[in-house]
Amino acid sequence: MANTAAASGGARKKHKGAQKDLSEAVKALGTVDKIKALGKKIAGSLEHANGIVDLLAVVESEHTAAELKVAASQALVSAFAQHKPAKPEKGDPQTAAGKLMQWLHEQYLAFITALLTLFSKEEALQKFALDTVMGFVKSEAAAAAPQYCFPHNMFDRVVAALVEPSTDRETLLSHFNEQYIKFDDLRHNCLKALAKVIPATKLADEDATQIFCNNVFMILHHLPSPATDTPPSSFYVKTPKGHALREAATHRRVFSDCWMAFLALPLPMEILKAVLTALNDDILPHLTQPKLLLDFLTDAYNTSGPIPILALHSLFTLIYQHNLDYPDFYPKLYALFKPSVLFARHRARFFTLAHTFLTSTHLPAYLVAAFAKRIARLMLVAPPGGQIMLTQLLYNLLKRHPACKFLIHRIAAGSIELARDPYQPDATDLVHCGAMESSVWETQSLLNHYHPSVPGLPVLLQTPALRKQEFRIEKAAKLTYSTLLQKEFKKPLGETPPATVFTPANTLFAPTDPTRDLFKW
């Protein structure tokens, strides 16, 4: 008790601001050996508790070498592990021992803050600081045993420091994802923390928004989807049976909350593309309320560039699987059928999805005719690979909708003069665009195409009943000049072409030339 009282008096004196220059203390602890020696003294007895302030000053100093910061941090970890600075209860009497524990707890929190500031230092210090704080997360939870008590306050601070908009934390986040996000309880509490941090973070400018979104997406992108068939079983902190964390529904709920908070941010273009690419398969099926994505997807669908193409699949899923009403889906899909999409990076994805969207046999005839005419017009400007794919797409569309075969028969009848085609390609109203009064005469322009694979496809459209089975356009959607050339190179030659045989001339004039005799002498 005497040691505790003496330590309490010394600690209180230091806590009240004893006149000691901490910079001098940092200089005095200028070697790893001195720091280790002080750490042993503190761990051995609270009589040396004032040394905690000196060690903390070493960690916080901007001019201290990395190895000294690591040594001071390790010494503090040993000291706090030995003396367990638990926060005193509000009803505890203000005894000397109670005040000492209060002071130790304050130094412990200051140490956590100092470790979080190391997230902005060099790579080795970042990983060391993260591992140290995560060790405290585990030890605090273990100290509460046999009751389950996850240290949410500390872990929330860790997550907030990982994604703060001041610094790009790609290296540290990679370490966090590799070492910790694999645990179900940490993943759940990380999502829960992010759902609170994202709306609470104030983004000052575009750069801060870019950094913050990158940091958050680094975590979300590497998160595995919540399991639906097997209950969570991997835990960083011992979790009792029957706890809510062992239920899949709990994880799905925080997964949804976090993603909805993230999608409300003004996402940079590259992140928005990545999110839309993964949305339909990796995110949407695990949301508790997928319908809440409608505003996000319609906003993306109404923009320009590649974003509407990437938003197509998820929006279609909401309409057909979740019964959402979006009347402008097909008119906007029709508007995306323009020459630029033939050369877009996501061309194969777009046309494969469009082929899927047009499979329904319940589409009205005017809509099918408009798409057929739009596809035919694209054939005129498409490269050979695109013409093959578009012809297959048109064949499948007309085979599924026999009511629109009149678009082919009018070619044979010659009832449409090309100069007076009633089709209006710029019309936005598909009912009155003139496709029902037109024909797919554009397919005739491919009959004399220079590439041997192109002319045969329009001929199939002339067959009476379109008897050939539907094409699978997934491969054709990926055709380019390069793939077509490689395909031609791989074709085997039939027969060796015969060499040209001729008799070489050995005289200037032919034997039958009358001028031959003029030069005899």
inquiry  = For Asn448, I'd like to know if atom CG has over 12 heavy atoms of other residues, nucleotides or ligands within 6.0 Å.
reply    = no
From Ile309 atom CD1 to Leu353 atom CG, the distance as rounded to the nearest 0.5 Å = 9.5 Å
request  = Quick one: list whatever passes salt bridge (charged side-chain N to carboxylate O under 4.0 Å, His left out) with Lys127, sequence neighbours left out.
outcome  = Glu123
query = Per the side-chain contact (heavy atoms from CB on, under 4.5 Å) rule, which among Leu284, Thr317, Leu324, Leu315 passes with Leu293?
reply = Leu284
query = Any idea which heavy atoms bring Asn189 and Asp185 closest together, and the distance?
reply = ND2-O, 2.8 Å
ask   = Taking only residues two or more places apart in sequence or in another chain, which ones pass side chain to side chain contact (heavy atoms under 4.5 Å, CB included) with Ile307?
value = Met269, Leu272, Lys273, Leu276, Ala300, Thr303
request  = Please report the shortest heavy-atom distance between Ala261 and Ala195, naming the atom on each side.
outcome  = CB-O, 4.4 Å
request  = Would you confirm whether Thr359, through its side chain, and Thr356, through its main-chain N or O, come within 3.5 Å as a donor-acceptor pair?
outcome  = yes
task = Mark yes or no for whether Thr201, through its side chain, and Val197, through its backbone, hold a donor-acceptor pair below 3.5 Å.
result = yes
ask   = Do Leu191 and Leu220 come within less than 4.5 Å of each other through their side chains, counting heavy atoms only?
value = yes
inquiry  = For the CE atom of Met436 and the CG atom of Leu367, what is their distance to the nearest 0.5 Å?
reply    = 11.0 Å
inquiry  = Going by salt bridge (charged side-chain N to carboxylate O under 4.0 Å, His left out), name the pairs with one or both residues in residues 277-299, residues two or more places apart or in two chains.
reply    = none
note = When every non-hydrogen atom of Leu380 is compared with those of Ser445, the smallest separation belongs to CD2-OG, 3.4 Å
ask   = Is a side-chain N or O of His355 found less than 3.5 angstrom from the main chain of Leu397, in a donor-acceptor match?
value = no
ask   = Should Asn215 and Leu162 be marked as a side chain to side chain contact (heavy atoms under 4.5 Å, CB included) after you check the CA-CA gap, both sets of side-chain angles, and the distance that decides it?
value = CA-CA 7 Å; Asn215 289 339; Leu162 284 171; over 6 Å; no
task = For the residue pair Tyr148 and Val237, establish whether any side-chain heavy-atom pair is separated by less than 4.5 Å.
result = yes
inquiry  = Please find the pair of heavy atoms, one from Ala208 and one from Pro165, that lie closest to each other, and give the distance.
reply    = O-CB, 3.5 Å
ask   = Counting only N and O atoms by type, is there a donor-acceptor contact under 3.5 Å from the side chain of Ser438 to the main-chain atoms of Tyr423?
value = no
task = Determine which pairs satisfy side chain to side chain donor-acceptor pair (under 3.5 Å) with at least one residue from residues 381-390, sequence neighbours left out, and list them in order.
result = Gln387-His449
task = Run through Phe235, Tyr236, Phe155 and flag the one making a ring-ring contact (aromatic ring centres under 6.0 Å, His included) with Phe183.
result = Tyr236
query = Considering only heavy atoms from C-beta outward, does the side chain of Ile319 approach that of Phe316 to under 4.5 Å?
reply = no
task = Show your reasoning for whether side chain to side chain contact (heavy atoms under 4.5 Å, CB included) applies to Ile271 and Phe262.
result = CA-CA 11 Å; Ile271 294 181; Phe262 181 66; 3.9 Å; yes
task = For Leu118 and Gln126, work out which heavy atoms get closest and say how close.
result = O-CG, 3.6 Å
query = If we only count heavy atoms from C-beta on, is the Ile211 to Thr167 side-chain gap below 4.5 Å?
reply = no
query = Checking side chain to side chain contact (heavy atoms under 4.5 Å, CB included) for the pair Thr209/Leu265: CA distance, chi angles, key distance, verdict?
reply = CA-CA 9 Å; Thr209 302; Leu265 293 173; over 6 Å; no
message = Donor-acceptor check, side chain of His451 to backbone of Ser453, threshold 3.5 angstrom: yes or no?
response = yes
ask   = With Phe471, which residues qualify under ring-ring contact (aromatic ring centres under 6.0 Å, His included), at least two apart?
value = Tyr395
query = Sequence neighbours excluded, which residues qualify as side chain to side chain contact (heavy atoms under 4.5 Å, CB included) partners of Thr277?
reply = Leu310, Arg349
request  = Can you spot which of Thr361, Leu358, Leu363 makes a side-chain contact (heavy atoms from CB on, under 4.5 Å) with Val368?
outcome  = Leu363
message = Rounded to the nearest 0.5 Å, what separates atom CG in Leu336 from atom NZ in Lys332?
response = 9.0 Å
ask   = Should we say atom CZ of Phe489 is surrounded by more than 12 heavy atoms from elsewhere, each under 6.0 Å from it?
value = no
key: Summary of salt bridge (charged side-chain N to carboxylate O under 4.0 Å, His left out) pairs that have at least one residue in residues 191-206, sequence neighbours excluded   = Asp156-Lys196
ask   = Can you list every pair that meets salt bridge (charged side-chain N to carboxylate O under 4.0 Å, His left out) and has a residue in residues 366-386, with sequence neighbours left out?
value = Lys373-Asp421, Lys373-Glu442, Arg377-Asp421, Arg377-Glu442
Which side-chain N or O atoms in residues 243-254 pair as donor and acceptor under 3.5 Å with protein atoms at least two apart or in another chain?
residue : atom : partner : partner atom : Å
His243  : ND1  : Leu245  : N            : 3.1
Arg246  : NE   : Thr239  : O            : 3.4
Arg246  : NE   : Pro240  : O            : 3.1
Arg246  : NH2  : Thr239  : O            : 2.7
Thr250  : OG1  : Ala244  : O            : 2.9
His251  : NE2  : Leu245  : O            : 2.8
Arg252  : NE   : His286  : O            : 3.1
Arg252  : NH2  : Leu287  : O            : 2.9

task = Indicate the ring-plane relationship of Phe176 and Tyr180, choosing parallel, tilted or perpendicular according to the 30° and 60° boundaries.
result = tilted
query = Checking Tyr301 side chain against Leu333 main chain: does a donor-acceptor pair fall under 3.5 Å?
reply = yes
request  = Hey, could you give me each pair passing ring-ring contact (aromatic ring centres under 6.0 Å, His included) that has a residue in residues 194-222? Not counting sequence neighbours.
outcome  = Phe217-His221
ask   = Roughly how far, to the nearest 0.5 Å, is the CZ atom of Phe119 from the CG atom of Leu130?
value = 4.5 Å
request  = Considering non-hydrogen atoms only, spot the tightest contact between Leu267 and Cys213 and give its length.
outcome  = CD2-SG, 4.1 Å
ask   = Roughly how far, to the nearest 0.5 Å, is CG of Leu186 from CD of Gln179?
value = 11.5 Å
Heavy-atom side-chain contact between Phe150 and His188 under 4.5 Å = no
key: Sub-4.5 Å side-chain heavy-atom contact between Thr443 and Met379   = yes
task = Would you give the length of the straight line joining atom CG of Leu312 to atom OG1 of Thr352, rounded to the nearest 0.5 angstrom?
result = 11.5 Å
message = Once salt bridge (charged side-chain N to carboxylate O under 4.0 Å, His left out) is applied, what residue pairs with a partner in residues 168-182 remain, sequence neighbours excluded?
response = Glu164-Arg169
Show me, pair by pair, the donor-acceptor contacts under 3.5 angstrom made by side chains of residues 337-347, not counting sequence neighbours?
residue : atom : partner : partner atom : Å
Arg347  : NE   : Ala477  : O            : 3.3
Arg347  : NH2  : Ala477  : O            : 2.9
Arg347  : NH2  : Leu479  : O            : 2.5

